[in-house]
J.: 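Below is the structure I would like to discuss, written out as structure tokens.
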Amino acid sequence: MGLKGDTITIHGGRPLRGRIELKGAKNLVTKAMVAAILGETPSVLRDVPDISDVRVVRGLLDVHGVKVTSDEEGVLHLDPSNVESAHMADIDAHAGSSRIPILFCGPLLHRLGEAFIPDLGGCRIGDRPIDYHLEVLRQFGAVVEKQPSGIRMSAPNGLKGTKVHLPYPSVGATEQVLLTAVRAEGITELRGAAIEPEIMDLINILQKMGAIITVDTDRVIRIEGVDRLDGYSHTALFDRNEAASWAAAALATEGDIFVGGARQAEMLTFLNVFRKVGGKFDIADDGIRFYHPGTQLNPVIIETDVHPGFMTDWQQPLVVALTKAKGVSIVHETVYEQRFGFVDALVEMGATIQVHKECLGGQACRFGQRNFNHSAVISGPTHLRGADIVVPDLRGGFSHLIAALSAEGTSRVSNVGIISRGYENFIAKLEQLGADFVLEG
Ligand code: EPU
């Protein structure tokens with residue numbers, strides 16, 4: 001969604017109430033689109049959200065000759081019959097700051113014998129490195145060459161199954177292994193795999209295409225390479241991160257939101273924390289209703305972690321609700337080293353939050369003693385006041401929206417276009433939920 005002016009003025013203090021519907025998970029849909037390259041026949045993907053990350057992948061598929069069409073809302077047809085190499089400049093132009101080009105490498109090496117990725121270094125992606133990805137691809141036999149304009153990869157002898165042990169259960173690196181191993185010659189054993197529901201759904205898709213993938217206990221995944229994969233027909237898993245965001249919005253604004261399409265199984269950990277904070281929820285067959293209890297909220301101590309732990313993408317919206325809880329909450333972020341930048345705006349709005357370099361409230365993590373502000377202490381309850389805020393990133397941005405919606409007075413929130421990277425039609429949803437705001441421009 002192109003948001004004119006990218007700024008909204010929010011008059012806070014009105015509870016969000018009503019029903020919204022989720023579509024497929026951003027963090028699955030974008031990978032499922034890449035998987036279509038591996039098929040000899042076209043694929044169909046349903047429940048695709050209209051978000052800018054999907055548009056980025058669509059553009060990248062387009063420059064690689066994959067025809068993507070849509071004759072129905074939320075349904076993509078992906079035809080990889082004419083996959084071709086793309087110019088680095090075209091890839092660069094479409095990728096923006098997205099990390100998704102790295103996941104094109106395995107499938108393109110199988111189809112074309114070469115792949116290019118733009119220069120992913122530097123501030124464009126913050127400090128999120130791609131070392132695991134490059135190491136994995138090398139292990140399969142890819143030759144990785146750094147060139148002035150980016151990275152070129154080739155597979156002069158084809159790709160061969162291998163044993164991989166990830167130093168950390170990285171979501172992206174696990175997807176890299178899956179998307180590469182399914183067509184590699186022989187068997188691949190992956191240890192230390194990420195097992196997020198989005199990864200399991202990607203495995204469902206690859207199995208539909210003809211792959212042989214066994215998920216064992218203790219984060220071990222075995223893949224037997226096959227000679228041919230066909231297209232798939234699949235309805236994407238719902239977006240758990242969006243569900244958790246609206247749940248936190250219900251709590252922070254003292255509202256009541258039915259999130260259509262949300263399911264219990266994939267949100268178990270979130271629901272436990274939501275309940276401990278004092279939030280109420282009712283689970284139905286077609287979604288989950290999240291609502292404020294009408295009484296004081298409780299503080300919690302949480303640690304973000306890989307699945308089945310509390311997801312890192314859930315903490316930012318929840319922190320806003322925790323500013324309203326009575327007592328001291330602690331959030332220890334163990335997945336990303338720098339994910340508390342968004343709290344500065346909350347403090348400006350009246351929240352009492354301190355960030356610390358120490359590992360607080362849980363086990364010591366790999367960021368301890370390394371000068372990263374990765375623990376937050378939130379003291380409440382505090383009343384937030386309206387402010388002028390510039391949205392920094394996707395999840396931090398959504399939390400700023402919630403903060404402005406729950407604050408007393410008026411806030412001007414700019415750069416909100418970034419939120420449409422991962423939240424479909426969030427402006428229309430805010431309207432549906434009765435938010436009081438004006439879109440500028
Ligand atoms: N890491 C490395 N080297 C690598 C790859 C990762 O050190 O080569 C580190 C990262 O720096 C990070 C940790 O490993 O500290 C975990 O990163 P991971 O690879 O698991 O994350 P990702 O695949 O880049 C996906 C989601 C994120 C989500 C994380 C964790 C997508 C497109 N993104 O990122 O979602 O937070 O997994 O679950 O799937 C979001 O939706 O806003 C978002 C950031």
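Owing to the predicted nature of the structure, the values given are computational and were not obtained by experimental measurement. Side chains included, hydrogens not; waters and symmetry mates left out as well; all remaining heavy atoms used. Along the sequence shown, the residues carry numbers beginning at 1. Whatever order the structure lists them in is the order used to number ligands and atoms, beginning at 1.
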J.: Looking at Tyr336, which atoms of ligand 1 are within less than 4.0 Å of one of its heavy atoms?
T.: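 Counting from 1, the qualifying ligand atoms are 12 (C), 15 (O), 17 (O), 21 (O), 22 (P), 24 (O), 27 (C), 28 (C), 29 (C), 34 (O), 36 (O).
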
J.: Looking at Arg339, which atoms of ligand 1 are within less than 4.0 Å of one of its heavy atoms?
T.: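 So the answer, numbered in order with elements, is 36 (O), 42 (O), 43 (C), 44 (C).
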
J.: Taking the six-membered ring for Trp and the single ring otherwise, decide whether the centroids of His374 and Phe340 are under 6.0 Å apart.
T.: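 For His374 and Phe340, the ring centres are not under 6.0 Å apart.
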
J.: Can you find a side-chain donor-acceptor pair between Thr188 and Arg222 that sits under 3.5 Å?
T.: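 There is no such pair (donor and acceptor under 3.5 Å, judged by atom type) between the side chains of Thr188 and Arg222.
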
J.: Ile257 versus Tyr291: any side-chain heavy-atom pair under 4.5 Å?
T.: no

J.: List the residues meeting side-chain hydrogen bond (donor to acceptor under 3.5 Å, both in side chains) with Arg421, not counting sequence neighbours, and say none if there are none.
T.: Asp53

J.: Give yes or no for whether the N/O distance cutoff of 3.5 Å, strictly under, is met between Ser170 and ligand 1.
T.: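 There is such a contact, yes.
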
J.: Between Val171 and ligand 1, does any nitrogen or oxygen pair lie at a separation below 3.5 Å?
T.: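 N/O-N/O distance under 3.5 Å: yes.
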
J.: Using a strict cut-off of 4.0 Å, indicate which atoms of ligand 1 neighbour a heavy atom of His133.
T.: 8 (O)

J.: Of Phe270, Phe398, Phe274, which is the lone residue that meets ring pair (Phe, Tyr, Trp, His ring centres under 6.0 Å) with Trp314?
T.: Phe270

J.: Is there a polar contact between ligand 1 and Lys31, counting only N or O atoms under 3.5 Å apart?
T.: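 Looking only at distances, the answer is yes, because the N/O contact criterion of under 3.5 Å is met.
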
J.: Could you tell me whether the side chain of Arg58 and the main chain of Val68 form a donor-acceptor pair under 3.5 Å?
T.: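 Here the side-chain-to-backbone pair exists.
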
J.: With a heavy-atom distance limit of 4.0 Å, tell me whether Glu198 approaches ligand 1 through its side chain, its backbone, both, or neither.
T.: neither

J.: Between Arg395 and Glu242, is the salt bridge (charged side-chain N to carboxylate O under 4.0 Å, His left out) condition met? List the steps.
T.: CA-CA 9 Å; Arg395 306 291 168 202; Glu242 185 175 357; over 6 Å; no

J.: If the cut-off is 4.0 Å to any non-hydrogen atom of Leu394, which atoms of ligand 1 fall inside it?
T.: 42 (O)

J.: What I want to check is whether the side chains of Glu333 and Ser375 have a donor and an acceptor closer together than 3.5 Å.
T.: no

J.: Report the part of Glu242 (side chain from C-beta onward, or backbone N, CA, C, O) that has a heavy atom under 4.0 Å from ligand 1; answer both or neither where that applies.
T.: neither

J.: May I ask you to check if ligand 1 and Asp313 share an N or O to N or O distance below 3.5 Å?
T.: yes

J.: Would you say Pro169 and ligand 1 have an N/O pair spaced under 3.5 Å apart?
T.: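 Min N/O separation from ligand 1 is not below 3.5 Å for Pro169.
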
J.: Do His234 and Asp47 pass the side-chain hydrogen bond (donor to acceptor under 3.5 Å, both in side chains) test, and can you show the C-alpha distance, the side-chain angles, and the key distance before you say yes or no?
T.: CA-CA 9 Å; His234 192 76; Asp47 264 2; over 6 Å; no

J.: Tell me whether ligand 1 is touched by Pro129 - counting only heavy atoms on the residue side and a distance under 4.0 Å.
T.: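 Flag set, Pro129 near ligand 1.
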
J.: Suppose I only count heavy atoms of Tyr168 and a 4.0 Å limit; which atoms of ligand 1 are within that range?
T.: 13 (C), 14 (O), 16 (C)

J.: Return yes if some donor-acceptor pair links the side-chain N/O of Ser98 with the main-chain N/O of Ile100 below 3.5 Å, else return no.
T.: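 Indeed, once roles are kept as given, a pair shorter than 3.5 Å links the two residues.
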
J.: Under the salt bridge (Lys or Arg N to Asp or Glu O under 4.0 Å) rule, collect the residues that match up with Asp344, sequence neighbours excluded.
T.: none

J.: Counting heavy atoms only, which of Gln316, Arg395, Met311 is nearest atom 41 (O) of ligand 1?
T.: Arg395

J.: Using a strict 4.0 Å cut-off to heavy atoms of Val335, name the atoms of ligand 1 that fall inside it.
T.: 12 (C), 13 (C), 15 (O), 16 (C)

J.: At less than 4.0 angstrom from any non-hydrogen atom of Lys26, what atoms of ligand 1 do you find?
T.: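 In order of number, 40 (C), 41 (O).
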
J.: Taking heavy atoms and a distance under 4.0 Å, where does Arg99 meet ligand 1: side chain, backbone, both or neither?
T.: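 The side chain, only.
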
J.: Using heavy atoms and a 4.0 Å limit, tell me yes or no: is Arg366 in contact with ligand 1?
T.: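 Arg366 counts as a contact of ligand 1 under the 4.0 Å cut-off.
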
J.: Is Arg55 paired with Asp50 through a side-chain N to carboxylate O contact shorter than 4.0 Å?
T.: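 Judged by the 4.0 Å cut-off on N to carboxylate O distance, Asp50 and Arg55 do form a salt bridge.
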
J.: By number and element, which atoms of ligand 1 are closer than 4.0 Å to a non-hydrogen atom of Gly172?
T.: 19 (O), 23 (O)

J.: Only heavy atoms count here, so choose which of Phe367, Tyr132, Trp314, Phe398 is nearest to atom 9 (C) of ligand 1.
T.: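 Of the listed residues, Tyr132 has the closest heavy atom.
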
